[in-house]
Amino acid sequence: MFIDRFCETEYDSYESFRDNFKIKVPENFNFGYDVIDELAVIRPESLAFIWCNDRGDEKRVTFAQLKTLTDKCANMLDAHGIGRGDIVMTLVRCAWQYWIIAIAAHKLGAVLLPAVYQLMTKDLVYRFQSSKAKAVVCADIPELRGHVLEACEICGGPDIRFGLGGSFDGFEDFDSELESAPEAFERRHTENDDPFLIFFTSGTAGNPKMVTHDFRYPLGHILTAKFWQDIQPGDLHYTHADTGWAKTSWGKIYGQWICEATLMLYDCSGRFHPTDILELVQKYRVNVLCGPATVYRFLIKEDMSMYDLSSLRHCCIAGEPLNGEVYNKWKEYTGLELREGFGMSETAVLAANFPWMKVKPCSMGKPSPHFNIKLIGDDGAEVERGDEGEICIPVANGSPAGLTVGYYKDPQKTEMIIHGGYFHTGDVAWMDEDGYLWFVGRSDDVIKSSGYRIGPFEVESALMTHPAVLEAAITAMPDPDRGQIVKAYIVLAKGFTASDALKKELQDHVKRTTAPYKYPRVIEFVSELPKTASDKIKRSALRSRDAEKANTQQNV
């Protein structure tokens, strides 16, 4: 297999995998040449991706065609003066052109900066100014085009602007220029520690930071694709993610193509419906499915018996911790276990339920061998099993492929996450006697009440087992007697109505499901929860909302 160039893949147990796995990083590795162009030689007629949208359009591209398209795109970008180290921002939703632009940028040594397409003018001004992007590629969305032009006028750039879907004022016509660009393109020099890719963080608190990865980054996702998603050559793989999310780089480009998979790509221009995914699986015969917990929560509320999901053989979940109710329902409907994985925009998969392991529902799985994670206590020492600690990656002897090099041109913020010989994730977990990791919460989300430490995830999971609860978010509320108390924000499932009686029922349900002291003393029913672009619940926004209410009441 192609992947054998970079690592050994045959293991008969997690212990063998843990003790022997190593990634071989070639000198001056470039994903565009050393993966895509090589696959164009090895598997020229194999499909690199199948793309479709909600309007019935479809496009199929082989690896041979992908090489040609990315060479043409590299020539096109080069003709506009884009080269090594220049930043190219994309705002393209899930347009098929993203995968062409990404590989072309890599071949040039330019820095790819994907962003979500829902950004407003002020958001774009911040991103243009902080990144100094030289070029931007914009989706065929009139409102977005207007925001881009307004932001460019405010901050004086980027001057190079491409638009998808035809010609319009202020933008070069990407598609026509790609069509007319020459095919011949020779390899450009890049080095492993060059900046390769930048993500804006989800921004759950404050302005988003610019997570920077080097050219070794795709190799870190061998762990993600081969050993967590269990992708085999020829698999049709679908990960639910917009190209502006780091999850796209996790699930629908790098590791998957190293594993010789075909990507299933779906561009939804309207409101997303969970049944869209079920229809994709049925129509195209998807083999491997990966998505955030939010999506699976909605899927299990659908009548899944109406769909033929028999092509699925492996299902993964990431983005937020898995609730037991979701795991059980999915297995009941499909016969497949949801295999949870854990990581960040700053990393590849750090822990997962790997193929040789028995799944413990709601566990993050076991540590990825490549990252050698440790659980570190407040005293800076590794904690004992059963004790809570921050998930950290040792970096004193060098950073592993797939780990961020820091925040773009921001050494102070970089020092906040990389210090003391560790990369600090800010996430708290504990390890059981079998070596499985269990998520507690973000360090700033953990609730301290009457001397107890309460992780929001456990209370959310307890609430999710009640049929009235569609979604739940747990936060801390200040309390003069207990320091903090547990508050629950709840989105009700169809057919249920908010009432004091239901609040009491849910509180009693939590008391029976987990330790009684963890029950939510305050419950607020809401129509929706605030989320990041990648569907993570913004607990900081909920805390801010409570703080504003408290201040208003004090000033009345």
Side-chain angles (χ1 to χ4, degrees), residues 116 118 120 123 200-209 245 292-295 297-298 319-323 325-326 344-345 425-428 439-450 452-466 468-493 496 498-500 502-504 506-507 509-510 513-514 517-556:
V116 295
Q118 299 100 327
M120 306 299 284
D123 304 312
F200 285 108
T201 59
S202 299
T204 55
N207 284 325
K209 298 179 285 291
W245 307 356
T294 298
V295 166
R297 282 198 293 268
F298 282 100
E320 283 218 313
L322 172 64
N323 301 108
E325 181 70 4
V326 178
M344 313 167 65
S345 300
T425 68
D427 287 303
V428 177
F439 186 76
V440 175
R442 293 288 299 170
S443 56
D444 52 0
D445 285 336
V446 174
I447 302 161
K448 297 171 183 143
S449 180
S450 299
Y452 293 106
R453 285 168 57 89
I454 303 170
F457 171 62
E458 187 174 2
V459 187
E460 290 167 2
S461 295
L463 284 165
M464 287 294 295
T465 62
H466 192 284
V469 179
L470 178 63
E471 291 190 290
I474 296 298
T475 63
M477 275 190 67
D479 182 82
D481 298 321
R482 296 179 174 85
Q484 293 178 326
I485 57 173
V486 177
K487 177 175 181 178
Y489 288 87
I490 293 173
V491 179
L492 291 175
F496 290 88
S499 67
D500 288 340
L502 182 56
K503 286 183 182 179
K504 180 68 165 57
L506 291 171
Q507 288 171 328
H509 177 75
V510 173
T513 307
T514 186
Y517 68 85
K518 297 181 181 181
Y519 84 94
R521 295 175 183 271
V522 177
I523 292 178
E524 181 176 338
F525 296 111
V526 294
S527 59
E528 62 180 359
L529 296 172
K531 294 174 184 172
T532 68
S534 55
D535 272 345
K536 295 179 183 178
I537 295 169
K538 295 178 71 170
R539 294 183 182 85
S540 60
L542 295 172
R543 289 195 296 267
S544 297
R545 186 186 302 176
D546 283 338
E548 288 175 9
K549 286 182 182 177
N551 289 335
T552 300
Q553 291 170 355
Q554 288 175 1
N555 294 329
V556 171

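Here Ser499 pairs with Ala501, Leu502 under the side-chain contact (heavy atoms from CB on, under 4.5 Å) rule; sequence neighbours left out. With sequence neighbours excluded, no residue forms a side chain to side chain donor-acceptor pair (under 3.5 Å) with Thr425. Contacts of Glu325 classified as salt bridge (charged side-chain N to carboxylate O under 4.0 Å, His left out), with partners at least two apart in sequence or in another chain: none. With sequence neighbours left out, the side-chain contact (heavy atoms from CB on, under 4.5 Å) criterion links Val526 to Tyr489, Val491, Glu524, Leu529, Arg545. Residues satisfying the side chain to side chain donor-acceptor pair (under 3.5 Å) test with Thr513, not counting sequence neighbours, are none.
For the pair Tyr519 and Val486, the minimum side-chain heavy-atom distance is 4.5 Å or more. Taking 4.5 Å as the limit, some side-chain heavy atom of Leu470 sits within range of a side-chain heavy atom of Phe298. Contact check for Leu463 versus Ile474: side-chain heavy atoms found under the 4.5 Å cut-off. Using a 4.5 Å heavy-atom cutoff, the side chains of Lys503 and Asp500 are in contact. Counting heavy atoms from C-beta on, the side chains of Phe200 and Asp123 never come closer than 4.5 Å.
In plain terms, the two heavy atoms of Gln507 and Arg521 that are nearest each other are NE2-O, 3.5 Å. Between Met464 and Glu471, the shortest heavy-atom distance links the atoms SD-CA, 4.0 Å. Nearest heavy-atom pair across Pro456 and Val440 is CD-O, 3.5 Å.
Phe525 contributes atom CZ, which lies 5.0 Å from atom CG of Leu492 (distance to the nearest 0.5 angstrom). Taken to the nearest 0.5 Å, the NZ atom of Lys504 stands 10.5 Å off from the CD1 atom of Ile523. The NZ atom of Lys487 sits 6.0 Å away from atom OG1 of Thr475, with the distance rounded to the nearest 0.5 Å.
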